[in-house]
Number of protein chains: 4
Amino acid sequence: MARKKQAQPGHNSAAADELRVYIERIERLESDKAEIAQDIKDVKAEAKSRGFDVKAIEKIVKERGETEKQRRRRKETEDLTDVYRAALGMLDGTPLGDSARERLMKPEAEPAQDDAAPGEEPGARQRATLTSEDIAAAKEAGRLACREGKRVIDNPYTAGDPRRAAWDEGWCFEAGSDGMDIPSAWRRSEKKKPARPDAPKDGEPGDGEE
Amino acid sequence: MARKKQAQPGHNSAAADELRVYIERIERLESDKAEIAQDIKDVKAEAKSRGFDVKAIEKIVKERGETEKQRRRRKETEDLTDVYRAALGMLDGTPLGDSARERLMKPEAEPAQDDAAPGEEPGARQRATLTSEDIAAAKEAGRLACREGKRVIDNPYTAGDPRRAAWDEGWCFEAGSDGMDIPSAWRRSEKKKPARPDAPKDGEPGDGEE
Amino acid sequence: MARKKQAQPGHNSAAADELRVYIERIERLESDKAEIAQDIKDVKAEAKSRGFDVKAIEKIVKERGETEKQRRRRKETEDLTDVYRAALGMLDGTPLGDSARERLMKPEAEPAQDDAAPGEEPGARQRATLTSEDIAAAKEAGRLACREGKRVIDNPYTAGDPRRAAWDEGWCFEAGSDGMDIPSAWRRSEKKKPARPDAPKDGEPGDGEE
Amino acid sequence: MARKKQAQPGHNSAAADELRVYIERIERLESDKAEIAQDIKDVKAEAKSRGFDVKAIEKIVKERGETEKQRRRRKETEDLTDVYRAALGMLDGTPLGDSARERLMKPEAEPAQDDAAPGEEPGARQRATLTSEDIAAAKEAGRLACREGKRVIDNPYTAGDPRRAAWDEGWCFEAGSDGMDIPSAWRRSEKKKPARPDAPKDGEPGDGEE
DNA sequence: AATGCTCCAGCTGAGC
DNA sequence: GCTCAGCTGGAGCATT
């Protein structure tokens, strides 16, 4: 850190000194940053040694640091992923997330519903005796329910029941049907785009965090 | 592409030519790769213009390309994230995912349960009239249920009901209690825990593709 | 690959099928891309096993793929890095690159030069007997030469001579002198900025919020 | 920082609180880190506004932070890049760096040299009158010099002379010759590999799986 | 349209 | 030997 300035009498290398100062400031800051990064690593290691999942913690931290806008967008993408997954038949054992249900519920939530069970009461007690036929029946029931105007949250099976995912799958499959255009619940947002799929540029201008 | 080889008679720069060949092979391959990357971009743009969410599609593609091991780990992290979120009171409107429920159910699923409602029937019809007191009551009910040995899937509220998240939150909060150590359901895996001898290490030993 | 389309008679899930098609196209392309990436890795491994330095090859490939503009900018940054290095006294044994010399020569290349050696002929033969005093003398000579209007390419020492770097260092140090503004050869480009260094905020770089 | 602990009398959610503490510690540290990153950005912006090249400054900072080992490796890669560039005829106007010269000098520095000029004295005065024939002659002279055992630092042309690069190019081209194995100066290091780089599979690099 | 920023995957060096 | 954290390079995105 010894200043070399004035080392040569009768001469001042102003530009070189200025450069040196900038570089040293940056180095100092970088050093601080590296120190903090090390601290973060240490905390994570400690949490891990206590039995926590560091990856999950990182996810939580990231979520909590999100702005409201970012959060909404993330949720939307997650929901749509669920919907797409259902439509592709990838919901093996992992039913629709609840927020995807809510999302699917919004657009055209006008129909009526009365009963819920597709033939038997939705009790989850006979878990062990479910056959693949039961699963298929649940899927078909879901499609039927969708066609009848039922909402996705009317899934009669409780969380943990394998038929729950199947019903969801049938419902979503049916929802993306009919040869018409992409259903609005499959799109990213109900942004005033009635029928123009060309996407002029993007309706999401002010993204900036903070 | 004109070969300079033999340009200087009576002299062969073997090493230089070899180097050149390597470089040209790499350049050719890089060029192909860039072309394909462009194609991928085009397909994504087309999908976007059709109304699909590209981010969600990317997520699906990534999931489908996962090996079984990777998939299990991802699921586990997602579940634990849900659990942590619940424990921190971040479940505002987004109840536990179903697979997190399943996970929480496993370890000590021996207790009995009979009724489910904490005081009123769990019908979801009075959605609009729910007060913050109802929410708080649901949370307290969840904590009580946990203390009584109920399982998390015994949440009496259906998907879409705001009290569902509150009940989950109370349950998870209670589950991480008691001054004892980190609950096993909060940890990353039942590695070498006496009770579960299965899961040899992973069913997908040959992980590398090809 | 079995199409599920029409699996359910009287029903066509158009949106789901369209989604599936997009996803499969992307997967196919991603697969091709991964294959090519593997080929590239293989070629590099082969080159390495033949004795070539893969990092250097990658650099060459990258350079060859540059557009003219990118290339010019890269050169400029490299030259300026050399100049800054010299000004900071980091040129231990690695004299200025030739293109940095050319760059430094351009702006005000009007002065005259006659002799070259600062006191002894620049022969490089007595390499082993050079003392640190010789080095310091060379550095001082460089500064003197700069002050006299000599150009940096008038460095009298040949490549490989340790005094060459010292002379450069003295010259560059002197060039960034005199309390005046940053020398033009230190700036990124003579882009129409005749004399306005602006930056009215502070002339003392060390005063930041530290 | 307000602890929620004991908010529910008769109950302490130890695990949840511990998790919360870890997360808050991480968040605090991340916040500090972000602040410093912002400071760094500010300093760079200030330097830029003063006329310095930020890219070059970053390079300098990075170099100064390198360990000796990293520095040596970087230098080696840079030198080899120069050598490869020369061998491929990419040295248009940018002669070999001095450290590449030094490197090339080391391995077999036994030959003798007497004169230096390939036919005319190496004075750089007639810069403007140099023709492409002069350049070609310089390149040929370089190759000849290499064949005669001259070292690369014996390049008779001074920095700034276009023939300097041509001479280098000829020398390096010749150095990588003779149908024998890769020259040692082209390899990454004289690591105990006398002459067998293995790779018995092929001496012809272009035959790979293409 | 060009540039800078940010995020992410892919690769490399340690470590059990 | 395999895994895993760190890192560098590249791609996408937002901005001017």
Do A:Gln38 and A:Lys41 pass the side-chain contact (heavy atoms from CB on, under 4.5 Å) test, and can you show the C-alpha distance, the side-chain angles, and the key distance before you say yes or no? CA-CA 5 Å; A:Gln38 184 57 46; A:Lys41 274 184 59 179; 4.2 Å; yes

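- Comparing D:Lys69 and C:Arg73, the nucleotide of DNA chain E nearest to each residue sits closer to the 5' end for C:Arg73.
- Between C:Tyr84 and C:Trp186, the ring planes are tilted. Angles from 30° to 60° get that label.
- Within 6.0 Å of NZ on D:Lys59 lie more than 12 heavy atoms contributed by other residues, nucleotides or ligands.
- Separating the CZ atom of A:Arg74 from the P atom of E:dC8 is a distance of 12 Å, rounded to the nearest angstrom.
- Computed from coordinates, the C:Lys59 NZ to F:dG10 C1' distance equals 18 Å when rounded to whole Å.
- Rounded to an integer number of Å, the gap from B:Asp53 CG to F:dG12 C1' is 15 Å.
- Under the 3.5 Å distance criterion, the side-chain polar atoms of A:Thr77 are matched with a main-chain donor or acceptor of A:Arg73.
- When the side-chain nitrogen and oxygen atoms of B:Lys41 are compared with OP1 and OP2 of F:dG12, one or more of them lie within a distance under 4.0 Å.
- A straight line from CD of B:Glu66 to P of E:dA9 spans 11 Å, rounded to a whole angstrom.
- Rounding to the nearest 0.5 Å places CZ of D:Arg71 at 6.0 Å from OG1 of C:Thr94.
- E:dA1 atom C1' lies 15 Å from atom CD of C:Gln70, rounded to whole Å.
- For the pair C:Lys62 and A:Lys48, nearest-nucleotide mapping onto DNA chain F gives the more 5' position to A:Lys48.
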If a pair means Watson-Crick or G-U wobble with both distances below 3.5 Å, what does DNA chain E look like in dot-bracket form, with | marking bases paired to a different strand? ||||||||||||||||

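- Residue-environment remark: CZ (C:Arg72) stays at or below the threshold of 12 foreign heavy atoms within 6.0 Å.
- Rounding to whole angstrom units, NZ of residue B:Lys44 and P of E:dC8 are separated by 13 Å.
- As a whole-Å value, the separation of B:Ile36 CD1 from F:dG10 P is 18 Å.
- Remark: side-chain polar atoms of D:Asp82 are not paired, donor with acceptor, to backbone N or O of D:Ala100 under 3.5 angstrom.
- The separation between A:Lys55 atom NZ and E:dC8 atom P is 13 Å, rounded to whole Å.
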